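Below is one structure; the comments refer to it alone.
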Amino acid sequence: MPETLQRTDRAARLARARAIVGAGKICPAERITDLLEAVIVSGDRVALEGDNQKQADFLAASLAKLDPVRVHDLHMVQSVLALPDHLAVFERGIASRLDFAFAGPQSRRLAELVAAKSLRIGAIHTYLELYARMLVDLTPQVALIVADKADRDGNLYTGPNTEDTPTIAEAAAFRGGIVVAQVNEIVDRLPRVDIPGDWVDLVVQSPRPYAIDPLFTRDPARIRNENVLMAMMAIAAVYEPYQVARLNHGIGYATAAIELILPTFAARRGLKGKIARNFVLNPHPTLIPAIEAGFVDNVYCFGSELGMERYVASRPHVFPVGADGNLRSNRALAQVAGQYACDLFVGATLQIDAQGNSSTATKDRITGFGGAPNMGADARGRRHPSPAWLRAGEEAGERLRGRKLVVQMVQTRQPNGAPSFVEHLDAFDLASSAGFALPPVMVHGDDVSHVITERGVCNLLRCRSPQEREAALRAIAGDTDFGKRQDADAIDGLRRRGIVMLPSDLGIDVATATRDWLAAKTIDDLVSASGGLYVPPARFLS
């Protein structure tokens with residue numbers, strides 16, 4: 001839409017809104033459906049805030065209740081599909097096109113709707129990619145965002161969960177779009193201003209606080225010996241030799257185990273002050289013992305984590321805490337930090353093929369990627385050196401630059417028994433059935449430096465041919481059909497060259513790789529380690 005027309009269109013939309021809310025910015029909750037039908041036009045591109053923790057759930061539910069005769073063919077642009085209402089808009093004919101980054105709990109339902117031709121996917125993005133396109137060619141006409149508090153001028157306070165809000169609001173506000181904010185409370189004075197009121201057109205106080213999920217909490221009681229073994233191998237094969245100080249890793253029991261053996265296994269190896277000092281990470285409860293042991297210098301956060309608010313506020317030397325005493329998070333900036341300021345990313349996946357390509361998009365689940373492709377990509381624009389970056393580049397045979405360490409930690413079989421290693425990614429079949437121009441590969445094999453399973457570690461940086469990469473991956477793939485096609489003589493040669501490392505090659509006795517290494521074995525242990533500041537969500541209390 002040409003700028004002049006868009007500005008005129010904005011004025012008309014706001015005029016229709018004024019007929020509902022009057023002279024101010026505050027919309028009564030009971031009139032929100034009327035308001036959305038006044039400001040949203042069929043065919044609009046609508047950005048709905050729904051990241052992988054906090055949700056604009058009242059706005060999402062209200063959007064799904066619109067009359068599809070009056071509002072239809074919307075193009076939804078959102079980071080995460082987490083709620084049933086996120087897909088209800090497609091089932092009811094209100095929306096028809098989707099650009100997103102991660103589907104999580106809605107991944108199976110999304111796959112069904114795609115198969116039924118009920119929605120059309122533009123692309124599965126990384127977070128940064130989606131944010132960038134919101135500023136370029138996926139600019140929303142309407143942005144539906146969420147915050148903790150607002151004043152009557154529309155200034156917003158996001159508290160510890162700023163996350164996606166600034167990016168979405170700015171993309172719409174500076175291109176003539178309409179910004180509607182759902183808040184928990186309307187107050188006279190905010191603790192701090194996170195989003196200025198002149199970016200925000202309309203505010204609604206929802207009947208209940210917005211939904212937020214403790215996505216990054218892992219109960220130490222559920223960490224198994226195999227997770228501990230993989231964590232020990234990660235430290236011995238990657239963290240220690242490369243002296244990794246700056247890192248990001250994903251969520252899961254394997255990475256939670258790494259966090260919990262830093263004060264024990266890593267300390268026993270004399271690694272305190274040498275590794276895992278600077279994290280780009282949500283405030284994981286399982287990181288508490290490492291922080292208290294003095295392993296961690298600082299943590300920059302994508303978002304917060306339920307129950308960690310008091311602990312974070314009490315550690316401003318570790319976390320970015322504002323004058324109001326609360327965390328300031330920012331998902332877009334954390335993604336940038338994860339890509340350019342970290343030497344290591346540790347991720348996980350559902351499938352890995354013979355060249356190390358991985359994907360979480362399978363035949364019956366379109367999970368999406370989230371930030372993994374940003375974190376798990378070798379940032380070729382990077383120019384600053386570090387010991388880890390330089391050593392990885394040297395091992396890869398690079399002469400003019402270093403390499404980022406990208407590690408996939410995955411057990412040889414998924415919890416449902418499906419093999420993690422396959423000859424052919426489901427993503428290739430999905431591309432054909434869904435009409436994608438390219439298969440939705442999450443992390444490309446040529447970006448992966450190491451793969452770790454419960455069987456061992458393979459260092460793909462040292463491989464010099466596709467055949468070597470394939471042999472190294474088969475060597476650690478266990479009793480899967482993929483792993484059974486390995487050559488024992490070839491594996492011996494790969495071990496001699498340090499391409500394949502079994503636990504014994506790393507000085508690890510499998511019999512001693514047990515939960516005894518965990519610095520906290522229960523949620524209660526984490527509470528104790530925090531000095532009582534961590535308050536676990538109810539679902540984690542026995």
Side-chain angles (χ1 to χ4, degrees), residues 50 52 75-84 86-91 95-130 133 138 250-252 347-377 406 408 410-448 451 466 469-470 473 477 480-482:
N52 58 7
H75 179 177
M76 301 304 300
V77 180
Q78 60 191 99
S79 298
V80 176
L81 303 169
L83 306 173
H86 290 160
L87 292 178
V89 292
F90 296 97
E91 293 174 327
S96 59
R97 183 178 173 88
L98 171 68
D99 280 274
F100 77 110
F102 184 66
Q106 300 302 320
S107 58
R108 294 188 186 278
R109 189 170 168 216
L110 175 60
E112 292 169 359
L113 291 175
V114 170
K117 310 297 184 186
S118 297
L119 69 83
R120 189 169 71 259
I121 294 177
I124 305 173
H125 300 73
T126 74
Y127 287 131
L128 271 184
E129 185 179 19
L130 188 65
R133 290 195 66 194
L138 289 182
I251 55 175
T349 188
L350 295 177
Q351 290 186 335
I352 300 177
D353 71 10
Q355 287 305 308
N357 300 305
S358 63
S359 185
T360 52
T362 60
K363 292 176 182 176
D364 57 352
R365 293 175 62 184
I366 304 179
T367 305
F369 306 139
N374 296 139
M375 308 297 180
V406 176
Q408 291 281 30
V410 60
Q411 291 191 248
T412 54
R413 290 188 180 275
Q414 298 292 317
N416 65 0
S420 300
F421 292 84
V422 296
E423 304 288 347
H424 179 84
L425 293 178
D426 284 359
F428 287 85
D429 297 328
L430 179 61
S432 176
S433 63
F436 296 153
L438 291 171
V441 172
M442 181 176 68
V443 178
H444 290 98
D446 56 3
D447 278 324
V448 177
V451 178
R469 293 174 65 85
E470 183 174 334
L473 290 164
T480 61
D481 289 342
F482 182 91

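Keep in mind the model is a prediction, meaning the values are calculated, not measured. These numbers come from the heavy atoms of this one structure, side chains and all, not from hydrogens, waters or symmetry mates.
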Spell out, as yes or no, whether a donor-acceptor pair under 3.5 Å connects the side chain of Gln78 to the backbone of Phe100. no
Write down the atom of Leu110, the atom of Ala103, and the distance for their closest heavy-atom approach. CD2-CB, 3.9 Å
Would you say the side-chain atoms of Asp99 pair up with the backbone N or O of Ala123, donor to acceptor, closer than 3.5 Å? yes
Is a side-chain N or O of Gln355 found less than 3.5 angstrom from the main chain of Pro466, in a donor-acceptor match? yes
Just how far is it from atom CE of Met442 to atom CG of Asp447, taken to the nearest 0.5 Å? 11.5 Å
Under the side chain to side chain contact (heavy atoms under 4.5 Å, CB included) test, which residues partner Pro440, sequence neighbours left out? Ile124, Ala361, Phe369, Ala427, Leu430, Ala431, Phe436
With sequence neighbours excluded, what pairs up with Arg413 under the side chain to side chain contact (heavy atoms under 4.5 Å, CB included) test? Pro419, Asp479, Thr480
Any donor-acceptor pair under 3.5 Å linking the side chain of Ser79 with the backbone of Gly50? no
Kindly determine whether Val114 and Leu119 satisfy side chain to side chain contact (heavy atoms under 4.5 Å, CB included), including the steps that lead there. CA-CA 6 Å; Val114 170; Leu119 69 83; 3.8 Å; yes
Determine whether Phe102 and Thr367 satisfy the following criterion, side chain to side chain contact (heavy atoms under 4.5 Å, CB included), listing intermediate values before the conclusion. CA-CA 6 Å; Phe102 184 66; Thr367 305; 3.4 Å; yes
List the atom of Phe421, the atom of Val451, and the distance in Å for their closest heavy-atom pair. CZ-CG1, 4.0 Å
Under 3.5 Å, side chain of Asp353 to main-chain N/O of Leu425, donor-acceptor pair present? no
Would you mind reporting whether Arg97 and Met76 have side-chain heavy atoms less than 4.5 Å apart? no
Spatial distance of atom CZ (Arg108) from atom CG (Leu113) [nearest 0.5 Å]: 14.5 Å
Taking atom CG of Leu87 and atom CD of Glu112, what is their separation to the nearest 0.5 Å? 10.0 Å
Nearest heavy atoms of Ala348 and Gln408, plus distance in Å: N-OE1, 3.2 Å
Looking only at non-hydrogen atoms, find the nearest pair between Glu423 and Phe482 and report the distance. OE2-CD1, 3.6 Å
So do the side chains of His75 and Ser96 get within less than 4.5 Å of each other, counting heavy atoms only? no
Identify, with sequence neighbours excluded, every residue that meets side chain to side chain donor-acceptor pair (under 3.5 Å) alongside Thr126. Asn374
Taking all heavy atoms of Pro439 and all of Phe428, pick out the closest pair and write down the distance. CG-CE2, 3.6 Å
Gln351 (side chain) donor-acceptor with Asp426 (main chain) under 3.5 angstrom: yes
Could you go through the side chain to side chain contact (heavy atoms under 4.5 Å, CB included) check for Val422 and Asp481 one step at a time? CA-CA 8 Å; Val422 296; Asp481 289 342; over 6 Å; no
For the residue pair Ser359 and Thr349, what are the closest heavy atoms and their distance? O-OG1, 3.1 Å
Counterpart residues, side chain to side chain contact (heavy atoms under 4.5 Å, CB included), relative to Ser420 (two or more places apart): Val410, Gln414
Applying side chain to side chain contact (heavy atoms under 4.5 Å, CB included) to Arg365 and Thr360, what does each step give before you reach the verdict? CA-CA 8 Å; Arg365 293 175 62 184; Thr360 52; over 6 Å; no
Output all residues satisfying side chain to side chain donor-acceptor pair (under 3.5 Å) with Glu91, sequence neighbours left out; order by chain, then residue number. Arg109
Inter-residue atom distance Leu130.CG - His125.NE2, 0.5 Å rounding: 5.5 Å
Non-neighbouring partners of Gln411 that pass side chain to side chain contact (heavy atoms under 4.5 Å, CB included), sequence neighbours left out: Arg224, Glu226, Asn227, Met230, Glu454
